[in-house]
Every structure is written in C-alpha cells, then in structure tokens.
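Data first, discussion second: the structure below is written as structure tokens.
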2 protein chains.
Amino acid sequence: MPVRWTMKSSRAEPYLKIGDVARRVGVSPSVIRSWESLGLTHPRRTESKYRLYTADDVRLLKRARFLRKVRGLNAAAIVELLRREGRARPAADGNAGAIGSHLRQLRAQRKLSLARVARAVDISVGFLSALERSQMSGSVGTLRKLARFYKTNILDFFDATGASSRQVRPAQRKVLEAGPGVRMELLAWGNTVMEPHLFRVAPLAGSGDSYTHEGEEFLYVLRGELMITLEKEEYRLKAGDSFYFESATPHQWKNTGRAETWLLWVNTPPTF
Amino acid sequence: MPVRWTMKSSRAEPYLKIGDVARRVGVSPSVIRSWESLGLTHPRRTESKYRLYTADDVRLLKRARFLRKVRGLNAAAIVELLRREGRARPAADGNAGAIGSHLRQLRAQRKLSLARVARAVDISVGFLSALERSQMSGSVGTLRKLARFYKTNILDFFDATGASSRQVRPAQRKVLEAGPGVRMELLAWGNTVMEPHLFRVAPLAGSGDSYTHEGEEFLYVLRGELMITLEKEEYRLKAGDSFYFESATPHQWKNTGRAETWLLWVNTPPTF
DNA sequence: CACAACCTTGCTATAATCCCGCAAGGTTAG
DNA sequence: CTAACCTTGCGGGATTATAGCAAGGTTGTG
C-alpha cells in the first residue's frame, strides 16, 4: 500500500518511495538510484532527502526495465532513447561529471587498468569505474587517495587554472564541493609547499571512512565544532581550538554540532 | 591503400576488406564482426567469404564507434538507434537466434550462473554469454557438450515437436545446421534409444576441435569421403565404408574431398 | 516512547558484457 | 613463392551492471 505524501504548495498527489517503486518496476532500489544518476528520473525529495516518485516515474522506469532486460540496451542508451522520445532529460553535469572524466583521463594517460588503480587506492574496481563514469560519488577520503595516487592536487579534479596570487579575497577562492555537506575553499594553490583550505562542513557531514596518507596537518576551528578521531581516540574541538597531527595516523572527522562548522586546514606537503 | 573489388553484375565501386575498415573506423576486426552479428552491417562476401564493405558501411561504423566510446551506448542500443534513424536493419534471426535464447532459458530455469555452466562445459564465460546472446556461433562439439550438460537433446535447441513417426520421409526430417558447412537431418526422434542422423558435410567442413562424451557411435559413408581422427590416429573413409567407435575416445572429423559428403550416423545413448 | 521497517550515502562482491587477440588453415596479390 | 591478409571458433582480461550491505537517520504505528 503506497504511502501518501503531500508536498507543501503542491497539489495532493500520491507519491511513492523508492522501495515501493522498486517492487512495482521489478528492479532493486540501487538500480533505480544508479539510473537516476544518469538522468532517467529526477525525483523530488522530502526534507530528510527521501526520494518521491510519481506514477509517471513508475511508467518511465517500467519502460526502462523493458528496454534493459528484453531489448538489452544499457542505461546510457535508455536515457538517450527516452530523451529522443521527449520523456527524459539527461542529468545536469556539475562538478561530478568533470571529476569522473578527469579521473579517467588521468588513468588513460598512464595506461593503467581500473584494477591496477583500484588496488593501489584500496577501492573496488566497480566503484572506480562508476566514479569515472560519474555514476557514483566518492567521499573526501576517497578523492584524496586518488589525488595522491596520481600525484596531483585534489583541486585539479575540479578546475586547474594555474597558481593563485598571494592575496586571495573570499570571492576569488577556488571552491569545490567534495561529498555531501562538505565545501572546500582553497586559499592558495599552484606551486606551494603548504595547501591551505577553508572547510565549511554542514551538521553531521564529515570525511566518511577513516583514511591515512603521508604529511602533516594543522587545523583551526573558526566557528562551530568538530569531532575528529585518531586511532580510535576522539577529540571534540570548538571555536578557537587548534589541532596538529601527522597524516599517517588513521583519522576521520565529522561536524557533531547543530550549525555549520568552519575550519582553517593546512597540510604539507600538498596533495600533489 | 584500399584494394579495389568489383562484383559481378554490380557497378564498379571500391570495396574495402575488414582490416582496412578496422583501421579507418578505429576498432578491431573482431569488434566489426561482432557488431555485424547484431545487424549493424550486412557486408557482401567474395566466393571465399571475404567481407566486402562500402563507404556507407564505414560511415555507419564510425557513427557506431562514436555512440559506443563517447556516448557509452552498447551495441544492441546502437543498432536500435540506427534502425530508428533508418540507417540499419537488425540481423535476420535464424536458428542461431533460437539456439541462444534456448540456452539462456535452460540456464535461467536451473538458476545457474554463466560461470557455473561454462566451467562444467569447459568453455569461457564470455563465449557462453555470446552464444546465449547469439553473438557467436558454436561448433558441433560445443553444442553437444551443452546439450549433455542440460541433459537435453541437441535437437531441442532447434525445434522440439514431440516424437517422430516410425517412417520418416526425406521431406519430413528435422533439419539443423550446426556450424558452417554441416547440415544434420534427424531420422528419428522422441523417446529413442538410438539417435540416427544424416549428416551432409560440405568440403572442408567438420566437427571443429576434438571432443569426447559417453556412448557408442556408428557411421556409414553414403557418398563422398571423410577423415576421422581418434586419439591422433587418422582414418580415411569413402563411400560404402563403415566405422564404429566408443564416444569416450577423443575424436574429430572433416570432409577432405571435393564434393559434399553424406554420412549415416547413429549414436547411443541419444544426447539426452 | 519503542520499535520495525523503511530511507540515506558510500561502497563491495559477483555476475554479465565487451574487446581484442590468437590458432589453424585458407586466400590474395605482388 | 610468400607475406600479409582473410576465415571461424574461442580465450583472457578489462569493463560495466546489479544487488546488497554498513552505519546511521526517519517514519509511522501500536
């Protein structure tokens, strides 16, 4: 029995959640989400980010399933075909699209296989393939590991425009959104020995899994709070606190407060 | 430098061979052949079966390559898209199409993976996948191994229509083309202890690789000649000769004459 | 309020497909 | 005669597709 949702300022119309849709269409929720990342559907979301599907979405997905299972078309082709039928519009390519293409380009230049890079970076082959095809998104930790592997700056995944000037005003900062709720603003770039960022971290957002790399890191809490875990030891930082540690120590962090946290974060050497 | 071919009763027009086309399009000859089996191209052939491509074919294949590499569409989708553009017509599904679908159905019914069946039958996963999708064709030996694995009659791959009557006239025989140049006509079928065939083998056609299975086999040369090899020992048969052997002995055969060879061939138990 | 059943994101393991090359033997064209 | 091509049948490895899971949050019902 589908749950009835009503959105504010929209007409009362039955919506379905992803599990309901999966059962009706005959594919798993994972597949529906991956088709969404290709642009097949654009479901609205509740405030807690639950996806909401309409009856039209279900019809579209059923047709997609038919094209997939019976006609053997892959997802990219299904989107193309349905776009030509005026029934679908492709996903807006943002930074995510650029990241993926750039990753594949870096790997192709080095004539490396997916397996080779995945092993070196300790992620699965399928995940790396999906990252390169912009079908999955990676956490800060994962992108950093990839940047390190390719001996490149994490910024290069977004926009490579030479070195910064000495003075960088707020509006001039290079901005990158790495993972949900984490916004990185680079304060200096180019041939620098230190890599300074300003992190803006939404409540509950963080680095994802524990990770490690070479170098040293210094961070200063400008506002809000942060929980950082090193080797299973937890530290609760608040505005005015600073923190210095070796990057080789396994670590992960998260904003446990109710407001956005701002961090000044410097690491050396830079991730190049 | 493209070789210039002129077909009888067609206007002089430059044709290309598959290697030339592969270089111009930027994919390998194997890929061009596999796209052909899906219906992307329908090249004419010389008497010795060399494929001949036109400039239109090259353009079509270049577009296919673009759709594949840049847009990420798979081959089935490319054919569908180009068909909709009126630029391609799908492959005529013959027995090959039926065999593939049937193989996949048998595997699905038993809830087996490609890897599981491929291992049991000693072929590769990719090859079995291609067989099921009618993208590659198998030799007599391979089809027999699969029939044995699924405990079914090789005939069931073609047309299952119950048992034969006692008397079977030539026009009533079940006919199956198994591999190039080999035509099998079944002389009795259904619940039989023996499985009699009439094989019509074109010059140079044969069983392909050596193979083995349980049972006993008897064959009689009606016309033409046949070379059969058992455990690396060769036998040259001609009209009137007969031959009896245990199927467990590794064997392979071939028509080494200049004319079509007709064989009466009985094995027991049937491949069920 | 408790809790079952759902959702989220990030990621894995496995299944399936795609690509290209090779063996064996035949053909072409210089 | 021979190098370089073709044929078919098939393998090995690379890549993609699918479904599930962990950890943690949300929903809705009793």
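Here is how names work: the chains are called A, B, and so on, in the same order as the sequence lines, proteins then strands, and each is numbered from 1.
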Out of D:dA19, C:dA16, D:dT8, minimum distance to the side chain of A:Val31 belongs to D:dA19
Next item on the list: May I ask you to verify whether the side chain of B:Ser48 and the base of C:dG26 hold a donor-acceptor pair under 3.5 Å?
Entry: no
Counting the atoms with a prime plus P, OP1 and OP2 as sugar-phosphate, which does A:Ser113 contact under 4.0 Å by heavy atoms, base, sugar-phosphate, or nothing?
sugar-phosphate
By nearest-nucleotide position on DNA chain C, the 5'-leaning member of A:Asp122 and B:Ser129 is A:Asp122
Taken to the nearest whole Å, CD/A:Glu132 to C1'/D:dA17 is 16 Å
From CD of A:Glu36 across to C1' of C:dC7 the rounded distance in Å is 13 Å
Notebook entry, point to check: So what does A:Arg33 touch, heavy atoms closer than 4.0 Å: a base, only the sugar-phosphate, or nothing?
Noted result: base
**Request:** For the pair A:Thr41 (side chain) and A:Asp57 (backbone), establish whether a donor and an acceptor sit closer than 3.5 Å, ignoring hydrogens and angles.
**Result:** no
| request: Respond yes when some side-chain nitrogen or oxygen of B:Arg51 is under 4.0 Å from OP1 or OP2 of D:dT7, and no when none is. | output: yes
**OP:** For B:Gly72, report the nucleic acid contact type (base, sugar-phosphate, nothing); a contact means any heavy atom under 4.0 Å.
**Re:** nothing
Exercise for the section: Would you kindly check whether a donor in the side chain of B:Ser137 faces an acceptor in the base of D:dG9, or vice versa, at under 3.5 angstrom? Expected result: no
Mind checking B:Arg116 for me? I need base, sugar-phosphate or nothing, with any heavy atom below 4.0 Å counting as a touch.
nothing
Taking C:dT17, D:dG20, D:dG11 as options, the one with an atom nearest any side-chain atom of B:Arg133 is C:dT17
Practice task
For C:dC18, take OP1 and OP2 only and decide whether either is under 4.0 Å from a side-chain N or O of B:Gln135.
Solution key: yes
Atom CG of B:Asp20 and atom C1' of D:dC5 are separated, to the nearest Å, by 9 Å
Check your understanding: With a 4.0 Å cut-off on heavy atoms, is B:Ser34 in touch with a base, just the backbone sugar-phosphate, or nothing at all?
Key -> nothing
In whole angstroms, the gap separating C1' of D:dA17 from CG of A:Leu38 amounts to 11 Å
Closest of C:dT8, D:dC10, D:dT15 to the A:Val125 side chain is D:dT15
Quick note, B:Lys17 side chain, CB onward, closest among C:dG10, C:dA16, D:dC6 is D:dC6
In whole angstroms, the gap separating P of C:dA16 from CE of B:Met136 amounts to 17 Å
Should B:Ser30 be listed as having a side-chain N or O under 4.0 Å from OP1 or OP2 of C:dC20?
no
With a 4.0 Å cutoff (strictly under), does any side-chain N or O of A:Arg104 reach OP1 or OP2 of D:dA14? no
| said: One thing to verify: whether B:Asp20 and B:Lys17 come together as a salt bridge, which I'm taking to mean a side-chain N less than 4.0 angstrom from a carboxylate O. | reply: no
Nearest-nucleotide check on DNA chain D, B:Arg23 vs B:Ile123; residue mapping nearer the 5' end is B:Arg23
**Message:** Would you say A:Ser139 places a side-chain N or O within less than 4.0 Å of OP1 or OP2 belonging to C:dC11?
**Reply:** yes
For C:dC19, take OP1 and OP2 only and decide whether either is under 4.0 Å from a side-chain N or O of B:Arg68.
yes
Of all heavy-atom pairs linking B:Arg68 and A:Asn74, the shortest is NH1-ND2, 4.4 Å
Between the CZ atom in A:Phe127 and the CE atom in A:Met136, the distance rounded to the nearest 0.5 Å is 7.0 Å
note: B:Lys254, atom NZ; C:dA24, atom P; distance rounded to Å ~ 12 Å
**Phosphate OP1/OP2 of C:dA15 contacted by B:Arg107 side-chain N/O (<4.0 Å)** = no
Here the distance between atom P of C:dT27 and atom NZ of B:Lys49, to the nearest Å, is 12 Å
request  = Would you please confirm or rule out a distance under 4.0 Å between OP1 or OP2 of D:dT16 and any side-chain N or O of B:Asn74?
outcome  = no
Is any side-chain N or O of B:Trp35 closer than 4.0 Å to OP1 or OP2 of C:dC18? no
Rounded to whole Å, CG of B:Leu128 lies from C1' of D:dG12 at a distance of 15 Å
*Carboxylate-amine/guanidinium proximity below 4.0 Å for A:Arg33 and A:Glu36*: no
B:Leu114 and B:Arg107 have their tightest heavy-atom pair at N-NH1, 3.3 Å
* Asked: Looking only at side chains, do B:Ser129 and B:Arg133 share a donor and an acceptor under 3.5 Å apart?
  -> yes
